[in-house]
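Each chain gets a letter, A, B and so on, in the order the sequences are listed, and its residues count up from 1.
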Protein chains: 2
Amino acid sequence: MQYGTRGFGTYPEVTKGECQENRMKENSEVFSMSESCPIRNVLDRFGDKWSILVLLVLSDEEKMRFNELHKAIGDISQKMLTVTLRTLEADGLVSREVFPEIPPRVEYRLTLLGKSLMPHIHGLVKWAKDNQEVIVSKRKQYA
Amino acid sequence: MQYGTRGFGTYPEVTKGECQENRMKENSEVFSMSESCPIRNVLDRFGDKWSILVLLVLSDEEKMRFNELHKAIGDISQKMLTVTLRTLEADGLVSREVFPEIPPRVEYRLTLLGKSLMPHIHGLVKWAKDNQEVIVSKRKQYA
DNA sequence: CGGAATCCGCGCTGATACTG
DNA sequence: CAGTATCAGCGCGGATTCCG
């Protein structure tokens, strides 16, 4: 089992590197910007195991209940679904509405901010779909 | 330190869920497709800590040597840079050319496949740049 | 210069049990 | 139904050392 398969693990104080200016040249798009770069601060949020999947599933329906999401994704644990949703909510990408009923009902939906992100996610997914076979085969060839 | 900050950790046999059909509705874009979905198989590769950053840096120059990449990224360890580059190479996104000289010289560059991915990455980065302040502030508000 | 190899700690993840 | 709480384990990532 070589590395690179996935994932993180430890992650102590590494990001203190404040994105290191990244000295992007004329291509510009200077990342640094004061204390923290968007790549580390924002994109890392989708580097977790489930965020993108949750966003994709949510983008298919106007609103979804907790268990709808759970079934739609399938192999996510309750805990991680909760954690992922909370994070997305904290970032303002997903809204959470609790209905004071019994049994409880909670509806999740994308916020406007969340919706504004989706085109880019879908672009990435389309690329992934278009190229996954090539990539998988290359991956096998690779000694 | 609450969860959601980042990262993975253990990751044993989870992906066996073969993307669970994901029953995408009329919005279509059926993911499943036989044995594995592109999201899990391809996008997960960029969920690691460095891949996107390496691709971005590489997209700025036609070719880069190992230590150029190392300096450009700044706070990546040699090991992780090597691992990341090897993975990207295995996936066919980056090419690696070794020059039989002393001292050794190795040049990395994006392949055509890698270049075809960049527009989507840049789209994501632009979104992140445009919205990072909002997100960071929302994150702070969130109790 | 550009790695390879090794060791090891930290914290995310999943499982399980419990609750209003 | 929609969570919360607790816990243990494992694998990622960093640091270090060595090499051609």
What is the distance, to the nearest angstrom, from the [atom1] atom on [X] to the [atom2] atom on [N]?
X        : N       : atom1 : atom2 : result
Leu81(B) : dG2(C)  : CG    : C1'   : 10 Å
Asp44(B) : dT13(C) : CG    : P     : 12 Å
Glu97(B) : dG2(C)  : CD    : C1'   : 15 Å
Lys79(B) : dA4(C)  : NZ    : C1'   : 11 Å
Leu69(A) : dC1(D)  : CG    : P     : 14 Å
Glu68(B) : dG3(C)  : CD    : C1'   : 16 Å
Phe99(A) : dG20(C) : CZ    : C1'   : 19 Å
Asp75(B) : dG14(D) : CG    : C1'   : 12 Å

* To do: Using the closest heavy atom to pick a nucleotide of DNA chain C for each, name whichever of Ser77(A) or Arg105(B) lands nearer the 5' end.
  => Arg105(B)
* Structure fact -> Among the nucleotides dG14(D), dG2(C), dA2(D), whichever has the atom closest to the side chain of Val106(B) is dG2(C)
* To the side chain of Asn67(B), which of dC1(C), dG14(D), dA2(D) is closest? -> dC1(C)
Test your reading of the model: is there a side-chain donor-acceptor pair from [X] to the backbone of [Y], 3.5 Å cut-off?
X         : Y        : value
Thr111(B) : Ser95(B) : no
His70(A)  : Ile76(A) : yes
Glu68(A)  : Arg65(A) : yes
Ser51(B)  : Asp48(B) : no

Distance below 4.0 Å between [X] side-chain N/O and [N] OP1 or OP2:
X        : N       : result
Arg96(B) : dG3(C)  : yes
Arg65(A) : dC1(D)  : no
Lys49(A) : dG14(C) : yes

Would you tabulate the nitrogen or oxygen pairs shorter than 3.5 Å linking the protein to nucleotides 17-20 of chain D?
none

* For the residue pair Tyr108(A) and Arg96(A), what are the closest heavy atoms and their distance? -> OH-NE, 3.2 Å
* To do: Assign Tyr108(B) to base, sugar-phosphate, or nothing according to its heavy-atom contacts below 4.0 angstrom with the strands shown.
  => sugar-phosphate
* Nearest 0.5 Å, what's the OH-CG distance between Tyr142(A) and Asp91(B)? -> 10.0 Å
* Asked: Just wondering, do Leu81(B) and Trp50(B) contact through their side chains at under 4.5 Å, heavy atoms?
  -> no
